[in-house]
Amino acid sequence: MILDYALDFAIGCFALGLLLNLWRLATAPTLIDRVLAVDTMAINVTALIVLYTAHSGAAFSFEAAILFAMTGFVSTVAFCKYLLRGNIIE
Amino acid sequence: MSTVFELLAASLLVIGGLFAVIGSWGLLRLKDPMQRLHAPTKASTIGVGSALFASAFDLWQLEGRLTAQEILVALFLFVTAPLAALMMARVAMASLPHPPLPPSASGPDGPEPAPPADPATSAPR
């Protein structure tokens, strides 16, 4: 029973973090802030996938979590490499 | 035994949620782009890592064995979060306002940024 309350609290915290990242994405002073906000949003959505799986009782959504984490990381590194060098694959 | 797991998972969830909010709040309120790189790394390692470990303990209580999938996702995030932060730090360093160096001093990524003035060794103003 206490786990249900803790799960609801954690889902609320990650959702609030997602909203704060969206605000940072909208009002970013520099470009690197937007990249950082998108990367953090991907991380928060990964956590929300895992917590929703624990909340609903299903046990097969961890492939979705690792796919989202991989996609977020690869997109961040690809965009930073494009900003540094001008092309991604040399 | 199940109450120990439940309390452990609940405390990990609370800690993870608080770190996620603190990380996102720090991303919003810190003043410098280089300072703003510090906050989300805490949110992505401790926040998501503890959420994943809490889910692993919850499944251990239900199924009776430790499944490796959550630990794998947590390990992946622990390995890739510093790499992403390094790439973003390099972009932030390359966009600092500084005078450009002569072409002989440039590396594979263009001119190296000038090192910041060391307050210990520079002359007092």
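Note that this is a predicted model, so its numbers are computed, not measured.
- The environment of CZ in Phe19(B) is sparse: at most 12 heavy-atom neighbours from other residues, nucleotides or ligands sit within 6.0 Å.
- The most heavy-atom pairs under 4.5 Å with chain A, out of Leu37(B), Asp58(B), Leu77(B), Val91(B), come from Val91(B).
- Between Phe14(A) and the choices Leu51(A), Val50(A), Thr46(A), Ile43(A), the side chain to side chain contact (heavy atoms under 4.5 Å, CB included) rule is met once, by Leu51(A).
- Both the backbone and the side chain of Leu7(A) come within contact range of chain B, each with at least one heavy atom under 4.5 Å from a heavy atom of that chain.
- A salt bridge between Arg24(A) and Asp33(A) is absent, with no side-chain N of the basic residue lying under 4.0 Å from a carboxylate O of the acidic one.
- Contacts between Leu83(A) and chain B at a heavy-atom distance below 4.5 Å involve the side chain alone, from C-beta outward.
- Contact of Leu28(B) with chain A is made through backbone and side chain together, with heavy-atom distances under 4.5 Å.
- Met70(A) touches chain B through backbone and side chain together, each having a heavy atom under 4.5 Å away.
- For chain A, the nearby parts of Leu18(B) are the backbone and the side chain; heavy atoms of each come within less than 4.5 Å.
- Looking at Leu3(A), both its backbone and its side chain come within 4.5 Å of chain B, counting heavy atoms on both sides.
- Between Ala43(B) and Gly23(B), the shortest heavy-atom distance links the atoms CB-CA, 4.0 Å.
- Crowding of Phe76(B) atom CZ: a count of heavy atoms from other residues, nucleotides or ligands under 6.0 Å exceeding 12.
- The number of heavy-atom neighbours closer than 6.0 Å to OH of Tyr5(A), taken from other residues, nucleotides and ligands shown, is 12 or below.
- Of the two parts of Ile2(A), the backbone and the side chain both hold a non-hydrogen atom closer than 4.5 Å to a non-hydrogen atom of chain B.
- Ranked by heavy-atom pairs under 4.5 Å with chain A, the list Val48(B), Ile22(B), Thr80(B), Val21(B) is led by Thr80(B).
- Distance alone, capped at 3.5 Å, places no donor-acceptor pair between the Glu70(B) side chain and the Ala51(B) backbone.
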